[in-house]
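Only one structure is covered here, and it is reproduced in the block below.
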Amino acid sequence: MQKVIKVGMADLQVVEEPHILTTLGLGSCVGIALYDKQKKIAGLAHIMLPSSTQIKNNSNLAKFADTAIDLLIKEMVKRGASTARLKAKITGGAQMFSFGNNGGDLMKIGYRNVIATKEILELYKIDILAEDTGGNHGRTIEFYSETGDLLVKTIGFGLKTI
Amino acid sequence: MTFTIEDLNNLHLDVLREIGNIGSGNAASALAKMINKRIDMDVPIVQILAFEDVAAILGGEEMVVAGIYFEVEGDITGNIMFLLDIASSKILTSILMGREDGSEELDEMDRSALQEVGNILSGSYISSLSALTGLKIKLSVPSLCIDMAGAILSVPAIQFSQTSDKIVLIETLLKEGSNQVKGNFFLIPDSKSFDKLLQSLGVYS
């Protein structure tokens, strides 16, 4: 039976065909979906911050783009995926609130999360097949292990599959 | 030593609750003055929650809510957020503008009223906090966002996550006649300011 597995904030999960991964209400966080098409293994991480190295309280590996991607790859390889076959789709990284021009670091956190995610994926030589990032709205995503499709739902900006 | 939210004990919670109480009281009277009607208030509930549990209180991550966000400057820095569900937002703006349009949607007028009322309510909390601590605290202009609770909460959650995985929530219930408005107030000092705040309140251990 097909199951829908929820990925919380600062969390990551891996499933195999035919199961579905979902994360609800992504804002400035980034959803990183990795897929091994041959083995139909899907992994999804919901990261909050760009880097574990700039922070003391970094025990939760799924919270940071760098450590989450590393851990997600390891978990997928454990299930039989190959790093060389992994492809990525990324979503989120919105700026929910704006304060004119003087947003400060926190306001740009969504953007910084996206940049960090791309840099780290590049280090692992994982191509980004599609992305739906930025803007000022939230996103709920569903990631299908059968196809690798990523469904993005929004309030007022409709639905799309990337 | 550095203080984290996990270290908060009952005494600290009582102090935060008291700030919530006085702040909500001031907010209620500011609102009452504005609309020239009586506003009652329940004793605020102060909770420390893991951020993944915060959305559940609001009806789930995908529930559409209104968040009004401010930057805090002065002796302490950080942010505060005032969060309302859409029903409460609509009731609040209807009370404020003395109209009932029967619509569930928030139009431009509602949005600007909401921003203003958020400003007044948050200002009341901050002036209570300022009076209790003797710290100078200033608020930026408000920024309003109406979207999924999870997405809006990601902003304070990210900020909190740099020091802790917990969030301090002050829940206030305001009543005007049969109308109930539930407001959730998040105080998000940065870690240095959190120490300073507790020190000023005389509860630093």
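Chain letters run A, B, ... following the sequence lines, proteins first and then strands; every chain starts at 1.
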Report task. Looking only at non-hydrogen atoms, find the nearest pair between B:Cys145 and A:Phe97 and report the distance. Result -> CB-CE2, 3.5 Å
**Report entry** Contacting region of A:Leu49 [heavy-atom separation from chain B under 4.5 Å]
**Finding:** side chain
Query raised in the report: Are B:Met148 and A:Ile155 side-chain neighbours, meaning at least one heavy-atom pair lies under 4.5 Å?
Result: yes
Query - Contact check, side chains of A:Leu26 and B:Ser154, non-hydrogen atoms, under 4.5 Å - result: no
Report summary line: Residues B:Asp147 and A:Asn136: closest non-hydrogen pair is OD2-O, 4.2 Å
Report summary line: If one checks every heavy atom of B:Leu144 against chain A at 4.5 Å, the contacting part turns out to be backbone
Query - Spatial distance of atom OG1 (A:Thr22) from atom CD (B:Glu62) [nearest 0.5 Å] - result: 7.0 Å
Requested in this report: Under 4.5 Å heavy-atom distance to chain B, tell me which part of A:Asp11 shows up: side chain, backbone, both or neither.
Outcome: neither
**Report entry** Gap separating the CE atom of A:Met96 from the CG atom of B:Leu153, nearest 0.5 angstrom
**Finding:** 9.5 Å
Report task. Decide if atom CD of A:Glu122 counts as having more than 12 heavy atoms of other residues, nucleotides or ligands within a radius under 6.0 Å. Result -> no
